Amino acid sequence: MAVRIFRWKAIGVLVLVLAALGVLLLLFAEPIAREATEDAGSDLLGTEVDVARLDIHPRDVAVDLAGVALADPFAPERNLVEAARIGVDLDPYALAERKFVVRQLSIGGVAFGTRRERPARPPRRNGLAVQLVGAVRTWADQLDVPILSLTPIDTIRQLALDPTRLGTVQAATALVAQADSTRRAVEQGVQGLDLERTVDSARALVERLKAADPKTLGIQGTRDAIASVRRTLDEVQQARERVGALERQVRGGVDALGTGVERLDEARRRDYAFARSLLQLPSFDAPRIGKAFFGPVSIARFQQAMYWVQLARRYMPPGLLPRASTGPDRLRMAGATVRFPKERTYPKFLLEAGTVDFSIRGDGPLGGRYTAWARGVTSAPALYGRPTVIAASRRAEGAALRAVDASAVLDHLRRPPRDSITAVLDGLGLPTIDLPGLPVRVEPGKGRSRLMFVLSGDDLSARWSIASDQVRWAIDTAGRPLNGMERLVWRVISGLRDLSVTAELTGTVASPRLSVASNLDDAVASRLQAVVGEEVARAEQLARATVDSVVADKAAVARRRAEDVAAQARERIAEARQRLDEAQRQLEEELRRLTRGAGDLIPIPRVTPPW
């Protein structure tokens with residue numbers, strides 16, 4: 001009987017199943033991969049990632065993506081970057097180990113800052129990048145940006161102050177209560193000295209001994225009298241020590257009253273500043289003007305850099321520490337997936353080295369071909385062993401855009417990590433900047449922009465600057481009409497054709513310090529000071545006079561009360577000390593008289609010298 005090696009009926013069914021799987025894979029693999037890429041990218045970057053089409057090339061182990069758009073995490077209505085095509089060639093051997101090692105990367109049709117058809121949808125709330133967006137927003141909120149007040153001074157007519165809001169009134173009330181408390185403490189302290197008993201005892205002893213003669217008292221009586229005097233002198237000395245202790249205590253209270261009087265003057269100065277703020281007088285400090293005009297746009301630049309640096313630190317941590325990520329959904333608690341990196345193995349993701357030629361479409365100043373290269377973009381820097389470096393550049397002599405240079409160095413090999421970003425754009429059409437507080441915007445035209453951002457551990461050092469000599473100013477005439485102060489500022493800035501702005505960020509992540517300077521600062525400040533300086537001086541006089549009219553009486557009462565209590569305390573101490581001094585003087589006189597009398601009663605033997 002022949003042995004059947006193949007069961008053809010079963011093989012036919014298997015072929016049909018495999019063919020069905022192949023058809024399903026052909027029909028649904030790419031849509032599923034596209035949706036998975038969008039979801040994974042959105043979770044990783046904290047902002048919506050859109051992919052119009054995704055093509056898988058299994059034979060070449062490559063993927064082509066078309067219509068890729070990355071929304072700006074801080075402005076959902078626009079794209080941070082958009083690429084018409086991205087091609088990725090993967091290493092098949094690393095892919096077999098579920099590792100992504102990119103052999104070749106190509107990008108084309110890049111555009112920046114494009115308007116989205118619809119606002120980006122918010123990513124998952126529990127995602128790492130989403131939490132990072134909130135943390136960076138909170139960090140940016142602590143940077144102080146003053147508000148430039150341009151209230152017309154000629155509208156200031158009067159100023160009404162609530163006495164309960166003035167610090168001088170509160171300080172005067174507290175000083176009166178403190179003076180009363182000090183006075184009561186002095187009275188109780190003087191009563192606790194028990195001077196009446198000591199002084200009366202000394203006076204009675206002196207009166208009794210004045211009528212006594214040592215010759216009539218005899219030797220023993222004189223000795224007893226001298227002992228009584230000395231005991232009373234000891235009591236007087238103890239009372240004197242109690243007076244000294246009370247004096248030190250009273251001196252502390254009096255010094256506190258003096259400090260309270262000084263605080264009245266400090267509180268009045270603060271009330272002057274408070275009243276001045278109610279008048280909303282404009283500040284003409286040049287650094288304050290620059291910070292008010294260009295602080296928000298500077299913070300926006302630093303905020304973007306901080307976000308991407310912090311995101312890189314989260315996904316590219318130094319060392320080989322275990323890393324936890326959100327686990328898959330399960331019927332039980334989802335938990336987390338913990339990966340323990342091993343030495344001498346492939347990282348989970350690695351773009352070891354690559355050069356990319358990409359183009360930015362359009363006729364704008366950024367249009368053209370660019371060269372970019374990257375090295376060591378990896379999820380485990382310690383395995384790769386070298387810093388991550390990314391750079392892009394374009395130079396075109398005689399073109400509108402003369403040069404573009406951008407680079408980033410992420411050194412996460414050790415702690416603390418050090419990240420730096422630099423970008424220089426020369427001949428670029430700089431973006432429009434709205435001036436806060438004014439219906440005015442500045443269009444810098446083509447100029448030079450430079451960004452330097454360094455984060456070493458938690459230490460910040462950043463600088464952003466723009467410079468242009470083709471500035472145009474525009475005013476929103478459809479808005480409210482300008483008042484006199486705003487018209488003055490408009491006349492000053494509308495005549496300027498050069499613009500230079502420099503913003504610096506220093507300090508630490510927890511305590512950053514922002515400073516902004518521009519060529520507008522001195523021009524606007526000096527002009528405003530020259531025109532309205534006299535009006536500001538009159539308004540400040542009004543503020544001081546209004547404060548004085550409210551607090552003068554209360555401050556004077558508190559000052560007199562403090563001075564009276566201090567004088568009374570010193571008087572009571574001096575009186576107590578004087579009474580004790582008088583009692584001690586009388587006792588000492590009696591002691592000397594009794595001692596002389598005792599010497600007359602007791603003969604002193606005469607000693608004959610040996611010579």
Side-chain angles (χ1 to χ4, degrees), residues 72-75 78 80-81 112-113 133 136-137 139-146 148 286-312 365-366 390-394 401-410 418-436 441-456 458-471 493 496 498-509 511-522:
D72 190 331
F74 299 99
R78 70 184 182 197
L80 186 66
V81 62
F112 296 95
V133 170
V136 171
R137 289 185 187 275
W139 170 80
D141 290 341
Q142 66 181 322
L143 295 172
D144 176 38
V145 177
L148 187 63
R288 183 180 177 89
I289 290 177
K291 201 171 183 180
F293 278 162
F294 301 106
V297 67
S298 303
I299 292 175
R301 300 296 184 271
F302 295 139
Q303 182 177 249
Q304 288 276 3
M306 175 64 75
Y307 173 76
W308 294 111
V309 166
Q310 293 288 3
L311 194 65
L366 286 176
I390 303 172
S393 64
R394 172 186 183 270
L401 182 61
R402 293 183 289 273
V404 172
D405 288 289
S407 64
V409 179
L410 311 176
R418 187 180 190 278
D419 303 294
S420 63
I421 298 174
T422 59
V424 179
L425 298 95
D426 193 2
L428 171 70
L430 301 175
T432 299
I433 301 174
D434 294 325
L435 297 187
R441 64 181 182 273
V442 54
E443 299 171 357
K446 295 180 180 179
R448 179 182 177 89
S449 177
R450 179 181 178 87
L451 172 67
M452 182 275 294
F453 187 94
V454 178
L455 181 60
S456 180
D458 287 333
D459 295 331
L460 275 170
S461 177
R463 181 185 180 93
W464 174 73
S465 64
I466 60 173
S468 174
D469 57 1
Q470 303 177 17
V471 175
I493 62 178
L496 297 176
D498 296 338
L499 176 66
S500 62
V501 180
T502 301
E504 294 185 349
L505 189 65
T506 57
T508 62
V509 174
S511 180
R513 297 184 298 273
L514 175 68
S515 61
V516 183
S518 73
N519 63 324
L520 299 185
D521 307 348
D522 292 331

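Small disclaimer: the values here were computed from a predicted structure and weren't measured. Throughout, numbering of the chain's residues begins at 1 and tracks the sequence.
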Worksheet entry | Residues forming a side chain to side chain contact (heavy atoms under 4.5 Å, CB included) with Pro512, sequence neighbours excluded | Trp139, Gln142, Leu143, Leu460, Leu505
Practice prompt. Go through the structure and list residues passing side-chain hydrogen bond (donor to acceptor under 3.5 Å, both in side chains) with Ser500, not counting sequence neighbours.
Written response: none
Fill in: Rounded distance (nearest 0.5 Å) linking atom CG of Leu451 with atom CD1 of Ile466
12.5 Å
Worksheet item: Can you tell if the side chain of Leu499 reaches within under 4.5 Å of the side chain of Val501, non-hydrogen atoms only?
Response: yes
Practice prompt. Nearest 0.5 Å please: distance from the CZ atom of Arg441 over to the CG atom of Leu435.
Written response: 10.5 Å
Discussion item. Among residues at least two apart in sequence or on other chains, which ones pass salt bridge (charged side-chain N to carboxylate O under 4.0 Å, His left out) with Arg450?
Written reply: none
Worksheet item: Can you name the closest pair of heavy atoms from Asp521 and Ala517 and give their distance?
Response: OD2-CA, 3.4 Å
Practice prompt. With sequence neighbours excluded, tell me which residues meet side chain to side chain contact (heavy atoms under 4.5 Å, CB included) with Arg137.
Written response: Phe74, Val133, Gln303
Worksheet entry | Those residues that, when tested against Arg463, pass salt bridge (charged side-chain N to carboxylate O under 4.0 Å, His left out) (two or more places apart) | Glu504
Worksheet item: How would you list, by chain and number, every residue that makes a side chain to side chain contact (heavy atoms under 4.5 Å, CB included) with Ser468, sequence neighbours excluded?
Response: Leu430, Pro444, Gln470, Val471
Discussion item. Give me the atom names and distance for the closest heavy-atom approach of Val516 to Gly290.
Written reply: CG1-O, 3.5 Å
Worksheet item: Can you name the residues that form a side chain to side chain contact (heavy atoms under 4.5 Å, CB included) with Leu80, not counting sequence neighbours?
Response: Leu70, Asp72, Gln304, Trp308
Discussion item. I need the Leu410 CG to Asp419 CG distance, nearest 0.5 Å.
Written reply: 5.0 Å
Fill in: Set of side-chain hydrogen bond (donor to acceptor under 3.5 Å, both in side chains) partners for Ser461, sequence neighbours left out
none
Practice prompt. Applying side-chain hydrogen bond (donor to acceptor under 3.5 Å, both in side chains), name anything that partners Ser456, two or more places apart in sequence or on another chain.
Written response: none
Worksheet entry | Nearest heavy-atom neighbours spanning Leu514 and Lys291 | O-NZ, 3.0 Å
Worksheet item: Who pairs with Gln310 by side-chain hydrogen bond (donor to acceptor under 3.5 Å, both in side chains), at least two apart in sequence or on another chain?
Response: none
Discussion item. Contact between Phe293 and Ile433 at the side-chain level, heavy atoms closer than 4.5 Å - yes or no?
Written reply: no
Response to the item:
Here the gap from Leu520 atom CG to Ile289 atom CD1, rounded to the nearest 0.5 Å, amounts to 9.0 Å
Item to complete: Give, for atom OG1 of Thr502 and atom CZ of Phe294, the distance between the pair rounded to the nearest 0.5 Å.
Response: 10.5 Å
